[in-house]
Amino acid sequence: QVQLVESGGGLVQAGGSLRLSCAASGSYYAMGWFRQAPGKEREFVAAIKWNGGNTIYADSVKGRFTISRDNAKTTVDLQMNSLKSEDTAVYYCAARLLPSDDLGNSFYHYWGQGTQVTVSS
């Protein structure tokens, strides 16, 4: 059974950092992070191809967030620096099984339960 388990969320002051981690069972074409703020639709944050490590980011997080993977541990991390109040959301880890040239707009087959990130101003 596929499982994606997120960890690392919490409360941080604006300008601070947090590191999210997603433990994955199985192998996937790509892993991604998404977020959903209260009253808003879920949005893409970042993704990484499992083989090759190619990454893609939403414009709103470029230069502040870094996605990485550890093949040995089958984990995908999201390092979030220079956090802003608008980064407050529930963050979800997701996995895609099939190849795609547009990971930011693709269907993801599996999702984690989510972890809350709150940035206080």
Side-chain angles (χ1 to χ4, degrees):
Q1 183 177 352
V2 174
Q3 275 194 318
L4 301 176
V5 181
E6 303 100 334
S7 62
L11 174 64
V12 64
Q13 288 188 334
S17 299
L18 277 177
R19 188 176 184 90
L20 305 182
S21 186
C22 176
S25 62
S27 60
Y28 312 101
Y29 173 78
M31 301 285 292
W33 285 96
F34 292 75
R35 67 187 181 186
Q36 187 166 19
K40 295 187 177 181
E41 293 188 354
R42 186 172 60 196
E43 65 175 357
F44 169 78
V45 175
I48 185 168
K49 292 183 181 179
W50 202 257
N51 293 320
N54 303 69
T55 59
I56 181 174
Y57 297 91
D59 288 343
S60 59
V61 306
K62 279 181 183 176
R64 300 188 299 123
F65 290 12
T66 302
I67 188 171
S68 61
R69 88 248 189 265
D70 184 325
N71 287 358
K73 298 180 180 178
T74 61
T75 58
V76 174
D77 292 346
L78 184 69
Q79 177 66 43
M80 305 185 294
N81 299 328
S82 302
L83 283 161
K84 306 174 182 180
S85 57
E86 51 262 45
D87 294 318
T88 294
V90 177
Y91 283 70
Y92 298 90
C93 174
R96 177 171 169 86
L97 297 176
L98 303 175
S100 169
D101 292 329
D102 186 5
L103 291 176
N105 293 290
S106 296
F107 173 81
Y108 282 72
H109 299 81
Y110 300 107
W111 293 83
Q113 295 294 320
T115 184
Q116 177 70 47
V117 171
T118 303
V119 184
S120 62
S121 57

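For the side-chain contact (heavy atoms from CB on, under 4.5 Å) test, residues two or more places apart in sequence or in another chain that qualify with Asn81 are Ser17, Gln79.
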Full working for side-chain contact (heavy atoms from CB on, under 4.5 Å) between Thr118 and Val12: CA-CA 6 Å; Thr118 303; Val12 64; over 6 Å; no
Intermediate values then yes/no, side-chain hydrogen bond (donor to acceptor under 3.5 Å, both in side chains), Ser85 and Ser121: CA-CA 6 Å; Ser85 57; Ser121 57; 5.2 Å; no
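Side-chain heavy-atom separations under 4.5 angstrom define the hydrophobic clusters, and Leu11 shares its cluster with no other residue.
Between Asp59 and Lys62 a salt bridge is recorded (basic side-chain N to carboxylate O distance below 4.0 Å).
Only one option out of Val90, Thr88, Val61, Val117 pairs with Arg35 in a side-chain contact (heavy atoms from CB on, under 4.5 Å); it is Val61. Of the listed residues (Thr66, Val119, Leu20, Asp87), just one forms a side-chain contact (heavy atoms from CB on, under 4.5 Å) with Met80, and that residue is Leu20.
Of the inter-residue distances, the one linking Asp101 atom CG with Asn54 atom CG reads 10.5 Å to the nearest 0.5 angstrom.
Heavy-atom minimum distance, Ala23 versus Thr75: CA-CG2, 4.1 Å. Closest approach of Ala89 and Gln116 over heavy atoms only: O-NE2, 3.4 Å.
No donor-acceptor pair closer than 3.5 Å links the side chain of Tyr57 to the backbone N or O of Arg64. Side-chain N or O atoms of Thr74 include one that pairs as donor or acceptor with a backbone N or O of Ala24 at under 3.5 Å.
No path of Ile, Leu, Val, Met, Phe, Trp and Tyr side chains, each step under 4.5 Å between heavy atoms, connects Trp50 with Ile56, placing them in separate hydrophobic clusters. Connection of Leu103 to Leu78 is not established within any shared hydrophobic cluster, with ILVMFWY side chains joined at heavy-atom distances below 4.5 Å, either directly or through further cluster members.
A disulfide bond (SG atoms under 2.5 Å apart) check over residues 22-121, counting only residues at least two apart or in different chains, returns the pairs Cys22-Cys93. Within the structure, ring-ring contact (aromatic ring centres under 6.0 Å, His included) contacts touching residues 2-43 (residues at least two apart or in different chains) are Phe34-Phe44, Phe34-Tyr108, Phe34-Trp111. Residues in residues 3-20 take part in these salt bridge (Lys or Arg N to Asp or Glu O under 4.0 Å) pairs, two or more places apart or across chains: Arg19-Asp77. Screening residues 88-107 for ring-ring contact (aromatic ring centres under 6.0 Å, His included), with sequence neighbours left out, gives Phe107-His109.
Enclosure of atom CG in Asp70 by more than 12 non-hydrogen atoms of other residues, nucleotides or ligands within 6.0 angstrom is indicated. Glu43 CD: more than 12 foreign heavy atoms inside a 6.0 Å radius.
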